[in-house]
Amino acid sequence: QRPLYKDPSAPVEARVRDLLGRMTLREKAGQMAQIERCVASPRAVAELGVGSILSGGGRPPCDRASPSDWADMVDDMQRLALSSRLAVPILYGIDAVHGHNNVVGATIFPHNVGLGASRDAELVRKIGEATALEVRATGIHWAFAPCVAVCRDSRWGRCYESYSEDPEIVRSFTTIVAGLQGQTPADHPHGYPFLHSVRENVLACAKHYVGDGGTHKGINEGNTICSLDDLEKIHMKPYPDCIAQGVATIMASHSQWNGEHLHASHHLLTDVLKGKLGFQGFVVSDWEGVDHLCEPRGFDYRHCIAQSVNAGMDMIMIPFRFEKFLEDLVFLVETGEIPLSRIDNAVERILRVKFISGVFEHPFSDPTLLDVIGCKEHRLLAREAVRKSLVLLKNGKNREDTFLPLAKNAKRILVTGTHADNIGYQCGGWTIAWNGDSGKITLGTSILEAIQESVEVETEIVYDECPIEATIEAGNFSYAVVVVGEDPYSESVGDRTDLSIPFNGSDLITRVASKVPTLVILISGRPLVIEPQVLEKVDALVAAWLPGSEGTGVADCLFGDHDFVGTLPVTWFRYDDQLPINIGDANYDPLFPFGYGLKCSKA
Ligand SMILES: OC[C@@H]1[C@@H](O)[C@H](O)[C@@H](O)c2nc(-c3ccccc3)cn21
């Protein structure tokens with residue numbers, strides 16, 4: 001007689017109750033543990049029965065792992081999990097935040113700030129669908145996306161992971177949850193986790209709850225100082241929509257609200273998120289989020305665990321010291337510091353998500369999906385997203401003349417700059433490596449390659465990353481394209497107060513634009529300082545954000561095959577000492593206002 005929890009025809013809540021009733025305290029504690037793959041031993045997965053395994057940013061199973069290497073690794077972990085006493089499968093999680101960005105060859109979509117410029121919520125839903133397929137192709141069940149931060153200060157190293165400074169735009173893009181998980185049916189119970197198809201959809205994770213984008217001076221993992229009213233109007237805004245779409249998991253923020261750690265906030269994690277907003281999936285901590293609760297970090301770990309679990313944390317991204325975590329958690333329950341009812345509630349939520357995910361019935365990868373990774377259809381979708389993300393900020397030196405679209409049959413053009421031929425730079429952070437990298441880090445088309453593919457065969461392209469004066473002066477160029485911007489970064493590595501164009505980008509712009517009609521393309525996760533004397537010299541200026549692998553989308557607009565439609569999702573400040581500066585501020589005096597964006601055609 002098969003136990004009820006293994007019966008797929010039984011109601012989910014009955015399966016949850018049956019399985020919970022069979023579990024020992026240690027097995028319950030195991031389900032609340034999430035560990036990094038590099039410590040996922042048979043002891044951890046089969047004996048101690050951890051509930052989840054993740055690959056942290058830039059931590060592949062092996063160097064240049066192929067999609068099937070990924071799928072084989074995940075399946076190996078799952079086989080270990082199914083050999084545990086109750087054979088509870090694991091959920092494998094990864095940061096697929098702009099495509100399946102840890103996997104070489106996966107389609108890399110524009111980062112969120114660029115999608116924000118498109119204002120196209122349906123496009124974002126489709127990106128979720130495509131991303132889910134590429135993630136499932138590697139056997140992975142759970143994407144730590146979307147980041148629904150509302151970035152209020154561009155000095156924040158995660159600015160580009162935020163769709164916009166406007167909470168309404170961020171809220172409108174929660175359609176990506178429906179893309180990743182599938183669309184909930186009309187009668188879906190409010191707040192209940194949802195997944196349409198175990199083969200094609202992944203569990204989503206709205207993050208980082210709450211106020212991650214509002215920290216003082218944009219300091220990552222810092223303190224968001226604001227009223228409850230502002231917290232709700234600005235930072236909380238996207239969560240009800242995610243919950244209404246059945247988001248299965250929510251990740252707590254490393255940041256604090258008015259000095260209270262989110263990872264230990266009973267009011268925000270339990271009273272508000274689970275009570276008032278009715279969230280019935282599970283809350284997962286961020287990386288070592290529990291350790292961050294004590295200074296020095298990791299000091300009095302047992303007390304940190306009690307604080308966080310009692311506040312409403314359901315699963316802890318430990319991710320390394322799982323023996324200590326499990327020992328401490330069991331001790332805290334046995335001594336009554338954490339009530340067993342809290343553990344049962346956490347495990348109930350985790351099992352609920354596992355049952356609705358279909359992982360009990362389909363625990364292993366589906367090799368027939370492998371071809372979707374980096375497939376033509378997804379790259380065309382990414383190319384469309386790039387086109388719609390571009391914002392035309394200047395087109396011509398005066399009212400009459402327009403500079404774009406560029407001529408495809410120009411005699412001789414100069415393409416220059418650090419970012420003209422660099423896939424790594426145009427993808428930005430969270431791409432193959434945690435902080436991203438320079439060079440040919442994955443498959444794709446650089447902006448130079450896209451321009452080369454677009455112009456007529458008789459057009460001569462001179463590419464020189466940093467040309468000397470003679471090259472510029474004697475070049476006899478019809479026009480120049482200068483592509484400059486930021487080096488890739490993620491999280492605190494990207495926290496910056498100096499937001500001038502790195503690599504002396506302004507100097508190169510000035511040197512070229514003084515001699516040749518010039519288009520500047522900025523590759524960046526945020527607005528950058530463009531001094532007036534630099535801006536006045538250029539003939540045209542395009543903000544391309546972090547477009548990802550499909551540079552072809554940039555050329556599509558430069559040469560007029562498609563018009564520009566993007567508008568600024570963030571305020572373009574004049575100088576970084578204006579920050580923070582957001583639409584609606586008094587004395588709002590930006591270089592280009594929120595919502596600004598030109599079109600090529602006069603129409
Ligand atoms: O990758 C898992 C999560 C991710 O989902 C979160 O958005 C992000 O805040 C995060 N930072 C780290 C991380 C930070 C420093 C060192 C090692 C890892 C890990 N993670």
Side-chain angles (χ1 to χ4, degrees), residues 33-40 50-61 70 91-103 111-113 131 135 140-151 156-163 176 180 202-215 218-222 224 235 238 242 247-256 261-263 282-293 297-298 308 313-322 428-436 488-495 525:
Q34 180 181 63
I35 63 175
E36 217 284 333
R37 183 203 50 80
C38 65
V39 298
V50 294
S52 174
I53 300 171
L54 84 145
S55 288
R59 303 170 79 103
W70 279 95
L91 291 177
Y92 201 102
I94 199 165
D95 294 273
V97 294
H98 63 138
H100 197 359
N101 44 260
N102 282 285
V103 176
H111 267 298
N112 287 355
V113 65
T131 301
V135 171
I140 292 172
H141 315 97
W142 182 15
F144 302 134
C147 175
V148 289
V150 181
C151 176
W156 187 36
R158 308 192 73 165
C159 49
Y160 63 85
E161 296 185 64
S162 170
Y163 292 112
I176 188 165
L180 289 166
V202 289
L203 298 166
C205 180
K207 70 184 189 181
H208 311 75
Y209 182 84
V210 65
D212 50 348
T215 55
I219 295 165
N220 190 45
E221 305 186 6
T224 297
H235 305 288
C242 291
V247 72
T249 71
I250 289 175
M251 186 181 293
S253 178
H254 274 312
S255 57
Q256 303 88 53
H261 280 280
L262 261 296
H263 275 65
F282 70 81
V283 180
V284 62
S285 81
D286 201 336
W287 184 280
E288 293 183 349
V290 167
D291 306 59
H292 290 200
L293 293 178
R297 279 187 189 182
S308 195
M313 195 66 68
D314 301 312
M315 182 182 281
I316 286 82
M317 188 186 291
I318 300 168
F320 300 126
R321 302 185 306 174
F322 56 89
W430 293 104
T431 316
I432 310 304
W434 175 46
N435 295 326
Y489 51 82
S490 59
E491 302 194 55
S492 303
V493 174
D495 279 5

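Ligands are counted one by one from 1 in listed order, and the atoms in each one are counted from 1 as well. Everything numeric in this text was worked out from a predicted model, so none of it was measured.
Summary of contacts: the protein heavy atom closest to atom 19 (C) of ligand 1 is Trp287 CB, 3.4 Å. If you check which protein heavy atom lies closest to atom 11 (N) of ligand 1, you get Glu491 OE2, 2.7 Å. Scanning the protein heavy atoms around atom 7 (O) of ligand 1, the nearest turns out to be His208 NE2, 2.7 Å.
For ligand 1, the polar-atom distance check finds an N/O of Asp95 within less than 3.5 Å of one of the ligand's N/O atoms. When only interatomic distances are considered, the shortest N/O to N/O separation between Lys207 and ligand 1 falls below 3.5 Å. Inclusion of Trp434 in the set of residues having an N or O under 3.5 Å from an N or O of ligand 1 is not warranted. At least one N or O atom of Asp286 sits closer than 3.5 Å to an N or O atom of ligand 1.
Listed by chain and number, the residues in a side chain to side chain contact (heavy atoms under 4.5 Å, CB included) with His208 are Cys147, Arg158, Asp212, Met251, Ser253, Asp286 (sequence neighbours excluded). Not counting sequence neighbours, the partners of Trp434 by the side chain to side chain contact (heavy atoms under 4.5 Å, CB included) test are Trp430, Ser490, Glu491.
Side chain of His111 to backbone of Gly429: a donor-acceptor contact under 3.5 angstrom is found.
If you check the side chains of Thr431 and His98, you find a donor sitting under 3.5 Å from an acceptor. A donor atom on one side chain and an acceptor atom on the other are not found under 3.5 Å apart for Trp142 and Ser52.
Applying the 4.0 Å criterion to heavy atoms of Phe144 picks out, from ligand 1, the atoms 5 (O).
Taking a cutoff of 4.0 Å between a charged side-chain nitrogen and a carboxylate oxygen, Arg59 and Glu36 qualify as a salt bridge.
Looking at Leu180 and Thr131, their side chains come closer than 4.5 Å, going by heavy atoms from C-beta outward.
Under a 4.0 Å heavy-atom criterion, Glu161 is not in contact with ligand 1.
The option with the heavy atom closest to atom 8 (C) of ligand 1, from among Arg158, Arg59, His254, Glu221, is Arg158.
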